[in-house]
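See structure below.
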Amino acid sequence: GRIGQLDIGKSSQAIYWNMCETFFDFWLRGTDNNFDQIPRVQFFTMGTNQWHKGNEWPPAGIAICDYYLHGQGKAHLAESDGVLDLTPPTSDEAHDNYTYNPSKPVDMTLNLDFWDIARCLRDRSQLPKREDVLVYDTPPLADNLEITGPISVTLYASSSAVDTDFTATLIDLFPNGYAHLIQEGIVRASFRHPDRPPSPIEPGQVYEYDIDLWVTSYVIKAGHRMRVEISSSNFNRFDPNPNTGEPFGTATDPIAAKQQVFHSAEYPSRITFLTNQDR
């Protein structure tokens with residue numbers, strides 16, 4: 001009934017085994033339980049704590065929404081100037097910098113039980129005090145914002161290394177300061193083109209990275225803020241990239257990488273998701 005400090009109610013109980021039983025009863029026992037009339041899609045929306053049914057995924061009647069990263073080069077500070085809003089950048093903005101040291105990775109998931117992650121999910125509010133984490137926030141939302149479907153971050157970034165990682169995390173920032181993880185993702189620079197063989201990057205060159213944050217159905221409540229975190233590691237959920245470009249598991253001397261994140265008219269870094277304002 002809880003994910004971290006988020007109360008999702010008793011109705012969130014999984015229906016997987018009940019569905020399996022209904023399936024086998026219908027097809028193997030010949031039980032007339034109308035299994036063939038059950039909608040093809042069932043999903044639970046966290047925040048409103050309701051189940052929804054339909055025959056499409058993503059569900060019909062939702063719109064694509066882009067929130068753009070803004071700032072003047074200080075998104076890495078505890079008092080960040082990083083902003084997240086619906087307006088595309090119209091002029092050059094100062095890019096953000098941070099240094100990613102593989103020997104000191106972001107370790108929010110260190111010693112976390114991934115088989116029981118809902119119960120032991122941690123408050124991320126202290127994470128932005130790290131110099132290697134950038135944060136971009138909306139103002140407090142005037143209305144509820146439902147995110148239902150796939151989520152991705154389009155990130156324009158450069159690195160001093162020939163290979164590195166970039167991470168993106170979507171956060172629900174509560175009025176009391178609690179920072180709740182909604183979804184997260186990672187991309188390895190050498191695998192930036194999933195349909196091509198891995199290849200190194202040129203240090204200092206800006207590349208476009210598509211970071212897959214998978215899917216969710218989640219409502220950020222009015223008065224809360226939406227946050228996007230950008231960094232380069234998430235240990236121990238993912239192995240820290242040593243930044244050397246050597247084959248996986250062979251690097252013995254990892255090096256630090258100087259990372260630059262761009263958000264401008266030429267490089268409109270953003271998070272993209274599907275939203276339903278009518279539910």
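Counting begins at 1 with the first residue of the sequence.
Rounding to the nearest 0.5 Å places CD1 of Ile271 at 12.5 Å from OH of Tyr136. In this structure, Tyr267 OH and Asp92 CG are separated by 9.5 Å, a value rounded to the nearest 0.5 Å. Within the model, atoms CZ of Phe114 and SG of Cys120 stand 8.5 Å from one another, a figure rounded to the nearest 0.5 Å. Distance CG/Asp66 to CG/Leu86: 8.5 Å, rounded to 0.5 Å. Atom-to-atom distance recorded for Ser158:OG and Asn97:CG is 8.0 Å, nearest 0.5 angstrom. In this structure, Gln42 CD and His52 NE2 are separated by 11.5 Å, a value rounded to the nearest 0.5 Å.
Other residues, nucleotides and ligands contribute only 12 or fewer heavy atoms inside 6.0 Å of the CG atom of Asp253. Summarising the local packing, CD of Gln205 is surrounded by more than 12 heavy atoms from other residues, nucleotides or ligands at distances under 6.0 Å. Remark: Trp27 CH2 is loosely packed, at most 12 non-hydrogen atoms of other residues, nucleotides or ligands lying under 6.0 Å away. No more than 12 heavy atoms of other residues, nucleotides or ligands lie within 6.0 Å of CD in Glu21, so this atom counts as exposed by the packing criterion.
Tyr67 is not listed as a side-chain neighbour of Arg270, based on a closest heavy-atom distance of 4.5 Å or more. In this structure, Phe26 and Asp36 have side chains that are in contact, with non-hydrogen atoms separated by less than 4.5 Å. The shortest distance between side-chain heavy atoms of Gln259 and Phe166 falls below 4.5 Å. With contacts defined as side-chain heavy-atom distances shorter than 4.5 Å, the pair Trp17/Met19 does not qualify. Pro268 is listed as a side-chain neighbour of Pro89, based on a closest heavy-atom distance under 4.5 Å. Counting heavy atoms from C-beta on, the side chains of Phe262 and Val206 come closer than 4.5 Å. Inter-residue side-chain proximity for Val215 and Ile151 is flagged as unmet; no heavy-atom pair is nearer than 4.5 Å. For the pair Thr169/Leu181, a side-chain contact is recorded, criterion being any heavy-atom separation below 4.5 Å from C-beta on.
With Asn101 contributing its side chain and Ala256 its backbone, the two residues share no donor-acceptor pair below 3.5 Å. With hydrogens and angles disregarded, a donor-acceptor distance shorter than 3.5 Å links the side chain of Glu93 to the backbone of Gly71. Side chain of Asp163 to backbone of Pro200: no donor-acceptor contact under 3.5 angstrom is found. A distance-only check finds no donor-acceptor pair linking the side chain of Asp165 to the backbone of Ser233 [under 3.5 Å]. Within the 3.5 Å criterion, the main-chain N or O of Ala222 finds a donor-acceptor partner in the side chain of Asn144. Within the 3.5 Å criterion, the main-chain N or O of Lys74 finds a donor-acceptor partner in the side chain of Asp96. Of the possible donor and acceptor atoms, one in the side chain of Ser159 sits under 3.5 Å from a partner among the backbone N and O of Ala161. Remark: the backbone N or O of Tyr156 is paired with a side-chain donor or acceptor of Ser269 at under 3.5 angstrom. Without hydrogens or angle criteria, Thr167 side chain to Ser231 main chain gives a donor-acceptor distance under 3.5 Å.
The side chain to side chain contact (heavy atoms under 4.5 Å, CB included) test with Thr138 is passed by exactly one of His224, Arg225, Arg227: Arg225. Of the residues Asp85, Asp137, Ile171, Leu170, the one that meets the side chain to side chain contact (heavy atoms under 4.5 Å, CB included) test with Met226 is Leu170.
Under a hydrophobic-cluster definition in which Ile, Leu, Val, Met, Phe, Trp and Tyr are linked whenever side-chain heavy atoms come within less than 4.5 Å, directly or via other members, Val261 and Ile211 are assigned to the same cluster. Residues Val133 and Met108 share a hydrophobic cluster, clusters being chains of Ile/Leu/Val/Met/Phe/Trp/Tyr side chains in contact below 4.5 Å. Hydrophobic clustering (ILVMFWY, side-chain heavy atoms < 4.5 Å, transitive): Tyr100 and Ile201 are in one cluster. Taken together through direct or relayed side-chain contacts under 4.5 Å among Ile, Leu, Val, Met, Phe, Trp and Tyr, Ile255 and Phe235 form parts of separate hydrophobic clusters. Tyr98 and Leu127 are members of different hydrophobic clusters when ILVMFWY side chains are connected at heavy-atom separations under 4.5 Å.
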Quick one, Thr148 with Glu146, criterion side chain to side chain donor-acceptor pair (under 3.5 Å). Give me CA distance, side-chain angles, the key distance, then yes/no. CA-CA 6 Å; Thr148 295; Glu146 180 185 323; 2.5 Å; yes
Can Phe44 and Asn49 be said to form a side chain to side chain contact (heavy atoms under 4.5 Å, CB included), step by step? CA-CA 7 Å; Phe44 183 81; Asn49 301 341; 3.9 Å; yes
Would Met46 and Ile3 count as a side chain to side chain contact (heavy atoms under 4.5 Å, CB included) here? Give the steps. CA-CA 10 Å; Met46 294 167 283; Ile3 300 177; 3.5 Å; yes
Test side chain to side chain donor-acceptor pair (under 3.5 Å) on Thr164 and Asn241; report intermediate values, then the result. CA-CA 6 Å; Thr164 193; Asn241 193 320; 5.3 Å; no
Start with the C-alpha distance between Arg188 and Asp239, add both sets of side-chain angles, then the distance that settles salt bridge (charged side-chain N to carboxylate O under 4.0 Å, His left out), and finish with yes or no. CA-CA 11 Å; Arg188 182 145 291 188; Asp239 62 290; 3.3 Å; yes
Begin from the C-alpha positions of Ile15 and Trp51 and carry the test side chain to side chain contact (heavy atoms under 4.5 Å, CB included) through to its verdict. CA-CA 11 Å; Ile15 62 171; Trp51 285 95; 4.1 Å; yes
When you look at His76 and Val135, which way does the side chain to side chain contact (heavy atoms under 4.5 Å, CB included) test go after all the steps? CA-CA 7 Å; His76 64 288; Val135 291; over 6 Å; no
Report the C-alpha distance between Glu184 and Asn234 in whole Å, list the side-chain angles of each, state the deciding distance to 0.1 Å, and finish with yes or no for side chain to side chain donor-acceptor pair (under 3.5 Å). CA-CA 10 Å; Glu184 59 187 352; Asn234 184 1; 3.1 Å; yes
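Arg192 forms a cation-pi arrangement with Tyr207, by the criterion of a distance under 6.0 Å to the ring centre and an angle within 45° of the ring axis.
Taking Ile, Leu, Val, Met, Phe, Trp and Tyr as members and joining any whose side-chain heavy atoms lie under 4.5 Å apart, directly or through other members, Trp214 forms no hydrophobic cluster with any other residue.
Partners of Arg130 under the salt bridge (charged side-chain N to carboxylate O under 4.0 Å, His left out) rule, at least two apart in sequence or in another chain, are Asp132. Under the rule for a salt bridge (charged side-chain N to carboxylate O under 4.0 Å, His left out), the partners of Arg119 that lie at least two apart in sequence or sit in another chain are Asp116.
In this model, no donor atom of one side chain and acceptor atom of the other lie less than 3.5 Å apart for Gln5 and Asp123. Between the side chains of Thr154 and Glu208, not a single donor N or O lies within less than 3.5 Å of an accepting N or O. In this structure, a donor-acceptor pair under 3.5 Å is absent between the side chains of His70 and Asp81. A donor-acceptor contact closer than 3.5 angstrom is absent between the side chains of Thr216 and Gln183.
Nearest heavy-atom pair across Asn55 and Val41 is C-CG2, 4.2 Å.
Aromatic ring centres of His180 and Tyr178 lie closer together than 6.0 Å.
A salt bridge does not link Arg40 with Glu56: none of the charged nitrogens is closer than 4.0 Å to a carboxylate oxygen.
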